[in-house]
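For reference, the structure is listed below as structure tokens.
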Amino acid sequence: MTASRREARAGWLFLLPWVVGFLAFTAGPMLFSLWLSTTRYDMLKPPEHIGLDNYREALTDDRVATALWNTLFFTALHVPAQVVVALGLAALLRRAGRAAGFFRTVVYLPVMTPPVALAAMFLLLLNGQNGAINALLGWFGFTGPNWTTDPVWIKPGLVLMSLWTAGSTAVLYLAALTRVPAERYEAARLDGASPWRQFWHVTLPGISGTIYFTAVVNTIASLQVFTEAYTMFFGARGKESAEGDAALFYVIHLFREAFESLRMGYASALAWGLFVVIAVVTAVQVRLSRRYVHYEGERS
């Protein structure tokens with residue numbers, strides 16, 4: 001056996017646990033759910049093959065349309081807000097000097113908050129009557145809305161809550177900012193560029209690859225938002241309401257169809273519908289990246 005074949009065999013042996021795990025816990029369940037999406041199955045009786053009926057029902061289900069709209073609306077608010085807040089935090093951390101390590105820890109610690117605890121905390125903070133956020137707005141002369149009961153403000157309130165975990169993105173941006181060559185800023189200053197023009201023409205192109213990566217990752221996560229919204233508006237209430245409809249995200253609707261209505265086949269069809277939506281949105285982002293994302297060493 002040649003050296004290259006021995007190396008290849010050793011490589012596959014190291015990869016074998018991952019391959020087995022992928023086939024058993026990812027690829028296998030995905031293929032099973034694809035088959036299950038063509039059946040009527042309630043976990044009490046054997047699956048009954050019904051073809052594409054589940055997909056046809058999903059296309060005409062008003063609650064699917066509501067859930068998809070809520071999810072896309074939340075994503076359109078959450079991703080830009082996450083990028084802007086994280087970029088601001090990264091810029092502040094870059095100026096922290098010797099205390100940068102301490103402040104990086106402080107910024108990242110909220111990411112470790114369990115999602116259920118985070119939802120419970122923000123139910124108190126976003127309380128329209130005596131919540132801390134409305135009290136803070138009152139100090140500046142603003143009357144805060146009913147974040148958890150007014151359907152208009154529920155999704156913005158959830159976006160505000162999601163910024164609690166912006167620290168993970170901020171740490172990535174901080175690493176990207178430190179890699180932007182200092183001579184670019186010096187050249188820009190010599191050309192008379194203002195701080196804003198330096199940010200727009202030097203900083204953003206220099207970290208565009210990282211922004212693109214975090215935008216894709218946060219978009220995929222936003223399209224699968226579940227735990228916090230379910231805990232706040234569905235977990236303890238268990239009833240239909242106006243605020244529940246405003247917080248009915250796609251994965252919540254999928255979960256309820258699967259484990260409350262026991263419609264596993266229909267829920268599988270919804271899951272594959274979400275897979276298609278995520279694939280399309282990601283493909284659009286990849287397409288846009290070819291125009292707006294710059295990588296070091298690329299030819300202009």
Side-chain angles (χ1 to χ4, degrees), residues 67-94 104 106-119 121-122 126 147 154-180 199 203-233 246-255 271 273-295:
L68 183 59
W69 162 250
N70 288 340
T71 304
L72 293 175
F73 185 85
F74 172 83
T75 302
L77 292 179
H78 165 74
V79 176
Q82 187 88 351
V83 169
V84 170
V85 171
L87 194 55
L89 288 173
L92 292 175
L93 288 173
R94 194 182 182 190
R104 277 200 305 267
V106 170
V107 168
Y108 189 80
L109 274 178
V111 180
M112 309 303 294
T113 308
V116 174
L118 177 63
M121 178 178 70
F122 268 87
L126 293 171
W147 300 96
I154 283 177
K155 285 184 284 295
L158 289 171
V159 171
L160 183 63
M161 177 183 66
S162 71
L163 297 179
W164 180 260
T165 59
S168 58
T169 305
V171 171
L172 293 175
Y173 288 165
L174 177 62
L177 287 171
T178 59
R179 294 198 304 267
V180 180
F199 172 78
T203 303
L204 283 184
I207 65 171
S208 58
T210 305
I211 292 176
Y212 164 64
F213 168 76
T214 57
V216 171
V217 171
N218 283 320
T219 298
I220 294 173
S222 299
L223 291 172
Q224 299 179 79
V225 61
F226 171 75
T227 306
E228 294 87 346
Y230 186 84
T231 301
M232 293 175 70
F233 297 99
L248 182 65
F249 294 114
Y250 194 96
V251 176
I252 292 177
H253 182 55
L254 187 160
F255 176 85
L274 180 60
F275 174 81
V276 171
V277 170
I278 291 175
V280 170
V281 172
T282 304
V284 172
Q285 291 176 315
V286 171
R287 183 76 175 179
L288 292 174
S289 72
R290 298 174 184 174
R291 180 175 181 180
Y292 296 106
V293 177
H294 166 78
Y295 293 103

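Everything quoted here is computed from the prediction, not taken from an experiment.
Shown here for W147 and P156, the closest heavy-atom pair between the two residues is CZ3-C, 4.4 Å. Here the shortest heavy-atom pairing between A229 and L158 reads CB-CD1, 4.2 Å. Closest non-hydrogen pair, P115 versus T227, comes out as CB-CG2, 3.5 Å. Nearest heavy atom pair, residue T169 against residue N218, reads OG1-ND2, 3.7 Å. Heavy-atom minimum distance, G209 versus V293: CA-CG1, 3.7 Å. Here the closest non-hydrogen pair linking I252 and A247 is CD1-O, 3.6 Å.
The aromatic rings of W164 and F122 stand perpendicular to each other, their planes meeting at an angle above 60°, with 30° marking the opposite boundary.
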Enumerate, atom names and distances included, each donor-acceptor pair closer than 3.5 Å involving a side-chain atom of residues 274-291, sequence neighbours excluded.
unit_1 : atom_1 : unit_2 : atom_2 : d
T282   : OG1    : I278   : O      : 2.7
Q285   : NE2    : T219   : OG1    : 3.0
S289   : OG     : V286   : O      : 2.5

Hey, can you pull the donor-acceptor pairs under 3.5 Å for the side chains in residues 78-93, sequence neighbours left out?
unit_1 : atom_1 : unit_2 : atom_2 : d
H78    : ND1    : S162   : OG     : 2.8
H78    : NE2    : S222   : OG     : 3.4

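Within 6.0 Å of atom OH in Y108, 12 or fewer heavy atoms from other residues, nucleotides or ligands are found, so the atom counts as exposed in its surroundings. Dense packing is recorded around OH of Y212, with more than 12 heavy atoms of other residues, nucleotides or ligands lying under 6.0 Å away.
Atom-to-atom distance recorded for I207:CD1 and L177:CG is 4.5 Å, nearest 0.5 angstrom. Distance check: T210 OG1 to L174 CG gives 11.0 Å after rounding to the nearest 0.5 Å. To the nearest 0.5 Å, the span separating CG on L109 from CZ on R104 amounts to 12.5 Å. In this structure, L248 CG and L68 CG are separated by 11.0 Å, a value rounded to the nearest 0.5 Å.
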Using side-chain contact (heavy atoms from CB on, under 4.5 Å), reason through L172 and F213 one step at a time and then give a plain yes or no.
CA-CA 10 Å; L172 293 175; F213 168 76; 4.1 Å; yes

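Evaluation of the side-chain contact (heavy atoms from CB on, under 4.5 Å) rule for W69 yields F73 as partners, not counting sequence neighbours. Residues satisfying the side-chain hydrogen bond (donor to acceptor under 3.5 Å, both in side chains) test with T165, not counting sequence neighbours, are none. Looking at residues two or more places apart in sequence or on another chain, you find a side-chain contact (heavy atoms from CB on, under 4.5 Å) between T71 and T75, L223, F249, Y250. Residues forming a side-chain contact (heavy atoms from CB on, under 4.5 Å) with A119 (at least two apart in sequence, or on another chain): E228, T231, M232.
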